[in-house]
Amino acid sequence: MTAPFPRPNSGSPQGCSVVVVGAGPAGLTVGNILRAAGVDCLVLETETREFVEHRPRAGVIEEWAVRGLERRGLARTLLERAQSHTECEFRFAGESYRFAYTELTGRHHFIYPQQFLVTDLLRQYADVRGGEIRFGVRDVRLHGLESGRPSVSYVCPDSGERRSVTADFVAGCDGARGVSRASLPPGRARLARHDYGVGWLALLAEAPPSSDCVVFGMHPRGFAGHMARSPEVTRYYLQCPPGDDPANWPHERLWAELRERLGAAGAPPLREGRLIEKRVLDMHSYVVEPMAFGRLFLAGDAAHLTAPIAAKGLNLALHDAFLLGDALVASLTQGDHSALSGYSAACLTRVWDYQEFSQWLAEMYHGTASGDPYRAGAALARLRRLFDSPVAATEFAERYLGVRTTG
């Protein structure tokens, strides 16, 4: 029987086994897995190395994901520097409630800013494992994805010349606006999208955390969130209208709203500081199905976007990368194509589980500010059940930590 993924390209001076498009967490994890197995690959990134190493993003990593990185030799610095969180706090109706999820599950969250993880992965790939990477490339294009000889072309930032690289496979890890998703054949992909109808003002403050854990504030004026990023920097979220202009939120108004929405009896005052980031995120999610087209395999935000409501995006990107990297190694080194053929279905099980949990959590976060008495009452009932029912508490803790589906 003819192999589904024959290898005509290996050894070509203008080719490699895998071209990885995008040097984010998914792309760099795939690249590291390939290099550890001796598979040649090329990573293409449109931004500079300095940019990708300093781009602030998510910082909550689930324990199964960290263990997956650790098994692949990619977590040494993370384990040395990351904070461990074992509980979170809900504030609503003027009261605060601690939720000790580690006591219920034996698992915890790691807090490690995504740019630190990207820096670790990049150094391991390029500087330790000798992986090839080209930064600042322009006008990336994918060709012949359903043939046996796909290729990726790009404009070299130094010479201005268009270059082309053939490959056995292309890993599309370049995010929601990247060329990989845009290259999907018309009519061959189903895009499922959900709009939450709210915005979040994402803030990064040069201020020590005001709590030793993540804090969620559910208030009639809107949701607010507090997440430690380091001993000197804190991430805040503030619900706002979708499409709002950050300029509508001057310093005093912003901190007044945070104090109001995160206020609770006995809670310490917020530690305020200079804002180093202020942008509005419109809360929406999408899923592309399937996540594989010919020789192109999507991973991370190129395949699915999960609104930061449940802090699942980085974890899903790592899950994709573990499955894709391992599947490519099996196909290229052992001729075992089973995992690669089942890649999309295996990823989407967790993707949809996390999407559903994010939707459930969004109603609890935003219901009290919906202006609908029914939704507000239901949201408060959902919150109270977490502290009245051990079964509900355990269910929430497992889903919050990603325990129920294996990594």
Side-chain angles (χ1 to χ4, degrees), residues 1-23 26-46 125 131-134 137 139-156 161-175 178-190 288-300 302-303 320-348:
M1 189 173 86
T2 302
F5 299 116
R7 299 188 60 203
N9 300 329
S10 299
S12 167
Q14 288 81 39
C16 62
S17 295
V18 181
V19 173
V20 179
V21 185
L28 291 171
T29 300
V30 170
N32 270 295
I33 293 171
L34 294 173
R35 291 302 304 137
V39 175
D40 57 315
C41 61
L42 168 66
V43 176
L44 297 176
E45 171 56 51
T46 59
Y125 173 77
E132 190 174 2
I133 185 166
R134 296 170 194 169
V137 300
D139 193 20
V140 180
R141 302 177 187 177
L142 312 187
H143 313 273
L145 295 172
E146 296 189 88
S147 72
R149 292 180 61 85
S151 64
V152 180
S153 67
Y154 62 94
V155 174
C156 175
E161 298 176 352
R162 177 163 289 280
R163 298 179 181 176
S164 183
V165 182
T166 59
D168 296 310
F169 302 103
V170 178
C173 309
D174 51 344
V179 66
S180 299
R181 182 181 166 192
S183 299
L184 300 178
R188 295 284 298 279
R190 181 173 77 92
V288 176
E289 294 187 79
M291 291 170 55
F293 299 86
R295 297 288 177 128
L296 170 65
F297 294 83
L298 303 180
D320 293 349
F322 295 157
L323 294 182
L324 181 55
D326 292 346
L328 288 170
V329 168
S331 178
L332 291 165
T333 65
Q334 304 168 28
D336 181 355
H337 312 297
S338 57
L340 207 54
S341 298
Y343 166 73
S344 179
C347 288
L348 287 167

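Given the structure is predicted, the values throughout are model-derived calculations rather than measurements.
- Separation of atoms CG (Leu145) and CZ (Arg295) is listed at 10.5 Å; rounding is to 0.5 Å.
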Exercise for review: Walk me through it: do Phe169 and Leu332 pass the test side-chain contact (heavy atoms from CB on, under 4.5 Å)?
Suggested key: CA-CA 10 Å; Phe169 302 103; Leu332 291 165; 3.7 Å; yes

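- Between Cys347 and Leu323, the shortest heavy-atom distance links the atoms SG-CD1, 3.8 Å.
- Across all their heavy atoms, Leu324 and Phe297 have their closest contact at CD1-CB, 3.7 Å.
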Review point. Could you go step by step and tell me if Leu348 and Met291 meet the side-chain contact (heavy atoms from CB on, under 4.5 Å) rule?
Key: CA-CA 8 Å; Leu348 287 167; Met291 291 170 55; 3.8 Å; yes

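- Across Ile33 and Ala321, no two heavy atoms sit closer than the pair CD1-O, 3.7 Å.
- Here OH of Tyr154 is found 5.0 Å from CZ of Arg163. Values are rounded to the nearest 0.5 Å.
- Atom OG1 of Thr46 sits about 8.0 Å away from atom CG of Asp174, to the nearest 0.5 Å.
- Of the candidates Leu142, Val152, Thr166, Val140, Val19 forms a side-chain contact (heavy atoms from CB on, under 4.5 Å) with just one, namely Val152.
- Two residues are said to be in side-chain contact when any heavy atoms from C-beta on lie closer than 4.5 Å; Tyr125 and Thr29 fail this criterion.
- Without hydrogens or angle criteria, Asp336 side chain to Ala330 main chain gives no donor-acceptor distance under 3.5 Å.
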Practice item. Could you go through the side chain to side chain donor-acceptor pair (under 3.5 Å) check for Ser151 and His143 one step at a time? Key: CA-CA 5 Å; Ser151 64; His143 313 273; 4.9 Å; no

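- Among all heavy-atom pairs drawn from Val165 and Gly15, the shortest one is CG1-CA, 4.1 Å.
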**Study point:** Stepwise side-chain contact (heavy atoms from CB on, under 4.5 Å) check, Val155 with Val137
**Key:** CA-CA 6 Å; Val155 174; Val137 300; over 6 Å; no

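- If you take CG on Asp40 and SG on Cys16, they are separated by 5.5 Å, rounding to the nearest 0.5 Å.
- Screening Leu340, Leu34, Val18 against Val329 for a side-chain contact (heavy atoms from CB on, under 4.5 Å) leaves a single residue, Leu34.
- With sequence neighbours excluded, the residues that form a side chain to side chain donor-acceptor pair (under 3.5 Å) with Arg141 are Asp139.
- Across Ser180 and Val21, no two heavy atoms sit closer than the pair OG-CB, 4.0 Å.
- The pair Glu146-Arg188 counts as a salt bridge, with a side-chain nitrogen and a carboxylate oxygen less than 4.0 angstrom apart.
- Considering NE2 of His337 and OG of Ser331, their distance stands at 4.5 Å, rounded to 0.5 Å.
- Side-chain contact between Leu328 and Val30: present, with at least one pair of heavy atoms (C-beta onward) separated by less than 4.5 Å.
- For the pair Arg35/Cys41, a side-chain contact is recorded, criterion being any heavy-atom separation below 4.5 Å from C-beta on.
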Check your understanding: Going through the checks in order, is the side-chain contact (heavy atoms from CB on, under 4.5 Å) test met by Leu42 and Arg134?
Key -> CA-CA 8 Å; Leu42 168 66; Arg134 296 170 194 169; 3.6 Å; yes

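- Arg181 and Leu298 make their closest contact through N-CD2, 4.4 Å (heavy atoms, listed as atom of the first residue, atom of the second, distance).
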